Every structure is written in structure tokens, then in C-alpha cells.
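Structure first, commentary second.
From a predicted model like this one, the values you see are computed outputs, not experimental measurements.
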Protein chains: 2
Amino acid sequence: MTKPLFAPVIENAAAQGRVVLVCEHASNAFPKPWGDLGLTPDQRAAHIAWDPGALGLSRGLMQRLDAVLVHAPVSRLIYDCNRAPDMPGAMPAKSEVHDIPGNAAISPDERLARTRALYLPFHDGLHALLMQRIALGLRPVVVTIHSFTPVYFGRPRAVEFGVIHDADPALAVAIRDAGARLTRLNVALNAPYSAADDVTHTLRVQATPYGLPNAMLEIRNDLIADAAAEQAMADQLAPVINVGVAEIQKQAKAS
Amino acid sequence: MTKPLFAPVIENAAAQGRVVLVCEHASNAFPKPWGDLGLTPDQRAAHIAWDPGALGLSRGLMQRLDAVLVHAPVSRLIYDCNRAPDMPGAMPAKSEVHDIPGNAAISPDERLARTRALYLPFHDGLHALLMQRIALGLRPVVVTIHSFTPVYFGRPRAVEFGVIHDADPALAVAIRDAGARLTRLNVALNAPYSAADDVTHTLRVQATPYGLPNAMLEIRNDLIADAAAEQAMADQLAPVINVGVAEIQKQAKAS
């Protein structure tokens, strides 16, 4: 069976700013040929299917930073573009307490088909965007935007704004520091999880090998639960990102 | 001006072996629209334009290892696929003692055009091959094949077989050890240069982020100066690679 290709959605491609925002978990769409994977409407609306609020926040940041925005058009439960094809989380059989019936027994051919249809177009599209900006002398700053559930496996999470780094911590540390100074959010570095949990795949593939400054931002999803909250959070975080980027540019000049 | 796309050449794509051989400097072709960049025929045949002998050796290894082989179809002087678009060596204005007239003043648009025509198709093609093998559960071992000139800036080089690693040294060390044990070649780790010289771009982009075993092999080109010598070197190095791969598989099982 030939499956369609799902290219990433790219918004504001001609942006003048250096930041490229990436939202791998923007969508809870369950298109054919996969369909709903046997999930209920409630499950398809829950954090297991996508990062609620992340796309709205990303668009708010895109406007305020004059950034490019790249986002995935399909639920992470069909293919999680922040995971390599052999990671268990790429097409998970279980997410938190939920079984995913349509992922219970994925054949190698089906794994290959989803990799071709979803993972490769997403990463090739993002890679082309980044490399073309590099070729033009506009070295990008890669910032991925995620949201996390306030209660996980029954435990509440106190952190509100997590900043996660891959091999190079500079931008994440600068954004964490700016977040602590400029907002009243409960900010933490490498929380609610870290690169050791294999959550920095996009940074590792797209930014680290090129020495591009990068960070992964995680916002607790109860703080971006509707459009007004998303915009208010974008108002808070846009200056935080700007200050973080300015700080590492200052460090780069000083070294 | 629209420029053609130069996809990598992929040979033995259905190989049963786990090794994927990559030869970024296989070709000294100078196709339109760039042409010869103002170089003489002697310069276009020299080590600055390609890695003489590397493709023949790679094909010999491909047959002996039942490996896939991926190689670039255009001279590294038009675009060096082992360099990111903003590295000086990607489209060098000078190589060793030779000025490259056609690269003396490359505009941002021309840099972008070569990146699109040469770098992106090469790396997207290699990436697709690797990810599809990963999706099928056939985790590849990435080995890049290079040759180096016996005399550089007037100085002779004693090393005959260099094994270079990126972040993960395991396979390179195992191949170096096997090379020292199984051949009479002058073998050295991270010689005649190393990752610190930014020569491991392909490994860094295609293997390191996925945790794939990887190494870069460098053979002094006077030892692979004709077809018979290439085949004799493949006879020597195929068992060295096999022993190196077996050694890291043993280490992985023991850990």
C-alpha cells in the first residue's frame, strides 16, 4: 500500500529573525490510512496524542520573534517526529496509562511505511530549511516548543516552564536564567525530563551536529489551555528567548 | 538559474550486511553548470579534486562485505559533501597550494544553489537509506572511505592507514587494533587528521545522533593507485572491518 507523504507545515518561511521554532507535537490529527488507532475521542484530545497549546504558543512566539515555525501535521501516536525510527516512543504501544490498540503489533513493513511517510519528510524539510539558512550566512537558533501534562501517572508536577538541553547547554541555561529573572513562572533546567530520557532527538539530529545554538522549551499545558492563555504566555516567553539568544551571542563574541 | 539535483549513487542497496560504506570524495566530475572551475586537467586529476582510489576500494569492500555503498557523483571542489554549508572547505577557494578560481568569490545565492543541488540530495539520500534500515531493525554500521596524499605541503606522510572517530571511538579503535594485528600497514588512530579538524561531518550528522557504530577510514593513495592495488587493499581491509564490527558487537553484548 502506497502511503501519502506528510511534509511539515512551514510558516513565516521568509522570517528575518534567526530563531527557527519547531513543534513536533503540534497536531492531534489522525489521517488515513491510519485513522484513530482505536482510541476514543477523549484519548485523541489528551496529552498522549499531542502537546495541547504548543502550536498556539508557537504561533504567538513566531509573530513576536519574527521566527520561522516548522510543525508536524499528524499525531505523535502515529509517528512521533521527536523520536528515531527504532525508539520505542516513535510508534508507542502504550503512552502513560493508555494502550494504543493500533500500535500494539507493528510489523517491520508498517514501521518502514510510517518512517517514510512521516519521519523522513519532517526531518528532511526541517534540515533543508536550516541548511539553506546556513548557506546564506543566517545561522539559525533552534528552539523546540512542547507542553507537558500537569499530572503524570497521578503525580502533580510543580514545574511550569522547563528548559532542556542536548550536548550544548549554553542557550538552555541562558533561557532558564532569563525566565527566572523576567517571569514569575516556576522555571527549571532539564525538567520534567532531560536528554537522558531521549527527548532531545530533534536537537540532536538538526542542531548539535552543526553547532547551532538550541534548546527545548516545555510549558505546563494548564497554563496554555486556551487561545488567550497561549498569547499571554507568548508575551511572557518572547522576551525570555530574546534575552537568552542575546546572552549567548555576547558569550560567543567574548570567547 | 535552476540547477540540477545530484543525488548520491547507491550501489548494492539490498545488501544483507550491516555495513553502509560512504564515499563522499568518489568523483572528480565537474559537470555543468559549474564546469572545471578554471582548473587544469592535472589539478582535476589530483587529490584536491577527489580521493583517488577511494571509489575502487569502496566497491571492492562492498563486494567482500555485502555492504551498501553510497557515493557522491561530483568533485568535492564544487561541493564537499563531508562539510556543512558554512564550513570553509565546503566550496574552498584554495586547496593545499592550489587556488580554485571558480570558488574565489562565491555569492550567498551561489552557496545556496550548490547546497541545494549537491549537499541536500546527498545527505537526504544517505539519511533515508539509514533510517529505512533502522526502521526494519537492521541498525547500520557507517564506514566512510577516504584516501589521502602521500605528500602534503611538501611533507611525506608515514601513516598508511588512518582510522578516525567522531564522538564514539569504539569502532575506530577496534578497526585500528584489527588493522595492526591482521596487516603490515602502518596503522594510526586519528591520523593524518582527526575530528578536531572538522573532517567527520558525515559521521557527526548521519551516525552519531542515532548511536550508530561508525568510523572514517583513510588510505594513503599511493597504495591504491590502480585497480589491482585497490582490490588487493580491499582483500586486506575487508577482514579488518569484519573483525572490528564483530568486536564492538561482542562489547555491546557484554555491557
Strictly less than 4.5 Å between heavy atoms, which residues of residues 136-145 of chain A line up against chain B? Please order them by number. A:Leu136, A:Arg139

Could you tell me which residues in residues 84-91 of chain A have at least one non-hydrogen atom under 4.5 Å from a non-hydrogen atom of chain B, sorted by residue number?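 Heavy-atom contacts from residues 84-91 of chain A to chain B are A:Ala84, A:Pro85, A:Asp86.
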
Exercise: identify the closest heavy-atom pair between A:Pro209 and B:Val205: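 Residues A:Pro209 and B:Val205, closest heavy atoms: CB-CG2, 3.9 Å.
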
So for A:Leu112, is it side chain, backbone, both, or neither that comes closer than 4.5 Å to the heavy atoms of chain B? both

Using non-hydrogen atoms only, which part of A:Thr115 is less than 4.5 Å away from chain B: side chain, backbone, both, or neither?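 The answer is the side chain of A:Thr115.
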
With rounding to the nearest 0.5 Å, note down the distance linking CZ in B:Arg116 to CE in A:Met131. 13.5 Å

How long is the straight-line distance from CZ of A:Arg111 back to CD1 of B:Ile134, given to the nearest 0.5 Å?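 The CD1 atom of B:Ile134 sits 11.5 Å away from the CZ atom of A:Arg111.
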
State, yes or no, whether a side-chain contact exists between [X] and [Y] at a heavy-atom distance under 4.5 Å.
X        : Y        : answer
B:Tyr119 : A:His127 : yes
B:Thr208 : A:Arg204 : no
A:His201 : B:Tyr210 : yes

